[in-house]
Amino acid sequence: MTLVSLGRNLLHQFGHSPGICPVHHLFFQKGFFKKLQLIFFMGFLASASKAFHPPPPKICGSPDGPPITSPRIKLHDGRHLSYKEHGVSKDSAKYKIIFIHGYNSCKEYNPLAITTSPDLIESLRVYIVSFDRPGYGESDPNPNRTLKSFASDVEELADQLGLGSKFYLVGFSMGGQLVWSCLKYIPQRLEGAALVSPGINNWWPSFPSSLSNEVYNKLMKRDQWAQRVTHYVPLLTYWWNTQTLFPRPSLFSRVGDMFSPQDMEVLSKLSDLQMQPAPQGEFESLHRDLIIAYGKWEFDPMELEDPFTNDEGSVHIWMGDNDDFVPVALQRYIAQKLPWIKYHEIPGAGHMFFLADGMSDTILKTLLNVKD
């Protein structure tokens with residue numbers, strides 16, 4: 001209930017006599033304050049209802065949902081994952097890679113497939129599959145989504161597509177952050193992994209409080225509050241991100257200002273890309289993503305052990321030092337804390353450097369340990 005609608009309701013309910021000030025008349029009506037309290041209470045309940053009960057998703061393939069246009073697998077719990085294949089066929093592939101997209105994105109946004117040289121993919125015999133994460137694109141939402149359930153989805157996708165006992169992972173942005181869950185829960189299935197501009201949670205326990213506070217205090221106030229709400233009161237995440245009483249987080253109001261000049265230049269490569277990240281609704285995609293990213297994690301990534309103790313594979317973090325979305329200082333600390341991580345920092349690069357000329361070729365060859 002807005003202030004305008006509240007005022008209209010008041011005037012409609014109490015009316016006013018000719019020559020008498022409406023406000024004066026209202027305040028002297030018998031029982032006015034009790035009725036006013038009731039109206040405000042009803043307005044509060046309406047707001048609270050929005051906070052705790054966001055709009056339900058419109059499931060793909062349902063009568064009121066978007067159509068199904070891509071191949072999907074059916075998971076053990078009945079949900080579906082939509083996917084898209086790139087590169088050579090699975091049967092002829094030497095390397096098989098699962099790509100994990102980032103925030104407010106979908107399987108169509110796959111820099112590894114979009115910008116890597118086709119000749120390189122062909123000569124190395126690389127197969128790449130990207131998929132819509134739960135709630136995005138044409139994949140069913142998972143209201144019970146956790147870090148562990150996501151790793152299980154990745155493993156089941158690999159099994160149903162017949163990728164073999166091991167495969168590679170490449171994740172971008174928030175998709176890179178989710179690679180940590182696979183390193184935790186399914187390390188035995190991985191041949192290697194690359195986290196490109198991966199998201200970070202300031203509340204990971206191993207971060208020194210002085211460092212995490214320093215990084216946190218550099219955020220805009222609107223983003224500090226958004227992360228606080230999501231971490232401490234996740235039930236209010238949707239309300240906070242959609243309310244108009246206070247400044248909304250940058251991801252919902254001024255995301256374009258966070259891109260570096262280099263980012264804006266390389267983003268032109270996506271001008272012809274057709275993407276529909278959230279056709280089923282925003283809560284189970286965008287807002288659920290934030291709850292996972294900034295909520296209380298089930299584990300601390302900096303307590304993970306090297307999954308490749310015999311050097312049979314490697315894990316890489318790729319980061320631009322001019323990234324306004326992800327603090328580079330925290331990535332550097334992770335690299336120091338986990339010496340088995342191979343850390344690559346690109347001078348002057350922003351968040352979207354994955355799209356820069358030749359960058360995806362370099363990331364792919366480094367992950368696969370292919371020499372020029």
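These numbers were taken from a predicted model, which means no experiment stands behind them.
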Which distance, rounded to the nearest 0.5 Å, do you find between the CG of Leu81 and the CG of Leu75?
4.5 Å
To the nearest 0.5 Å, how far apart are CG in Asp223 and OH in Tyr216?
9.5 Å
So which pairs with a foot in residues 145-167 pass ring-ring contact (aromatic ring centres under 6.0 Å, His included), sequence neighbours left out?
none
Determine which pairs satisfy ring-ring contact (aromatic ring centres under 6.0 Å, His included) with at least one residue from residues 114-149, sequence neighbours left out, and list them in order.
His101-Tyr136
Return the minimal non-hydrogen interatomic distance between [X] and [Y], and the atom names on each side.
X: Asn322; Y: Ser260; answer: ND2-CB, 3.7 Å
X: Ser360; Y: Leu112; answer: O-CD1, 4.2 Å
X: Arg222; Y: Ser250; answer: CD-OG, 3.7 Å
X: Val326; Y: Met319; answer: O-CE, 3.1 Å
X: Pro134; Y: Asp153; answer: CG-OD2, 3.5 Å
X: Ser82; Y: Lys107; answer: OG-NZ, 3.1 Å

Before you tell me yes or no, could you show the steps for Asn144 and Thr146 under side-chain hydrogen bond (donor to acceptor under 3.5 Å, both in side chains), namely the whole-Å CA-CA distance, both residues' side-chain angles and the distance that decides it to 0.1 Å?
CA-CA 6 Å; Asn144 301 313; Thr146 63; over 6 Å; no
Under 3.5 Å donor-acceptor, [X] side chain and [Y] backbone:
X: Gln280; Y: Cys60; value: yes
X: Asn201; Y: Lys296; value: no
X: Asp77; Y: Arg79; value: yes
X: Glu155; Y: Ile186; value: no
X: Ser62; Y: Lys58; value: no
X: Thr230; Y: Ala226; value: yes
X: Ser139; Y: Gly135; value: no
X: Thr116; Y: Ala113; value: no
X: Arg228; Y: Val233; value: no
X: His344; Y: Trp318; value: no

Using a strict 4.0 Å threshold on nitrogen-to-oxygen distance, state whether Asp140 and Arg72 make a salt bridge.
yes
Ionic contact status for Lys90 with Glu85, cut-off 4.0 Å:
yes
If you count the non-hydrogen atoms of other residues, nucleotides and ligands that lie under 6.0 Å from [atom1] in [X], is the total more than 12?
X: Trp225; atom1: CH2; answer: no
X: Glu265; atom1: CD; answer: no
X: Lys166; atom1: NZ; answer: yes
X: Glu305; atom1: CD; answer: no
X: Gln276; atom1: CD; answer: no
X: Met220; atom1: CE; answer: yes

State yes or no: do [X] and [Y] share one hydrophobic cluster built from I, L, V, M, F, W and Y residues joined by side-chain heavy-atom distances below 4.5 Å, directly or via other members?
X: Leu251; Y: Met264; answer: yes
X: Tyr185; Y: Ile98; answer: yes
X: Tyr83; Y: Ile59; answer: no

Show me the pairs that pass side-chain hydrogen bond (donor to acceptor under 3.5 Å, both in side chains) and involve residues 324-342, at least two apart or across chains.
Arg332-Glu345
Run the side-chain hydrogen bond (donor to acceptor under 3.5 Å, both in side chains) test against [X] and tell me which residues pass, sequence neighbours left out.
X: Ser130; value: His86
X: Ser123; value: none
X: Asn202; value: Gln227
X: Glu303; value: none

Test of understanding: with ring pair (Phe, Tyr, Trp, His ring centres under 6.0 Å), list the residues that count as partners of [X], not counting sequence neighbours.
X: Tyr109; answer: Phe172
X: Phe325; answer: Phe259, His351
X: Phe246; answer: Trp240

Going through the distances and angles, do Met359 and Thr115 end up as a side chain to side chain contact (heavy atoms under 4.5 Å, CB included)?
CA-CA 8 Å; Met359 200 66 238; Thr115 61; over 6 Å; no
Would you say [X] and [Y] make side-chain contact, with heavy atoms under 4.5 Å?
X: Pro301; Y: Trp204; answer: yes
X: Leu178; Y: Val154; answer: no
X: Leu190; Y: Pro307; answer: no

When you look at Leu195 and Trp180, which way does the side chain to side chain contact (heavy atoms under 4.5 Å, CB included) test go after all the steps?
CA-CA 9 Å; Leu195 296 74; Trp180 292 114; 3.5 Å; yes
Partners passing salt bridge (Lys or Arg N to Asp or Glu O under 4.0 Å) against Glu108 (at least two apart in sequence or in another chain):
Lys84
Please enumerate all residues that pass side-chain contact (heavy atoms from CB on, under 4.5 Å) together with Ser165, with sequence neighbours excluded.
none
Checking side chain to side chain contact (heavy atoms under 4.5 Å, CB included) for the pair Arg133/Ile100: CA distance, chi angles, key distance, verdict?
CA-CA 8 Å; Arg133 295 195 282 108; Ile100 306 173; 3.7 Å; yes
Taking it one step at a time, do Phe354 and Ser197 satisfy side chain to side chain contact (heavy atoms under 4.5 Å, CB included)?
CA-CA 8 Å; Phe354 205 164; Ser197 305; over 6 Å; no
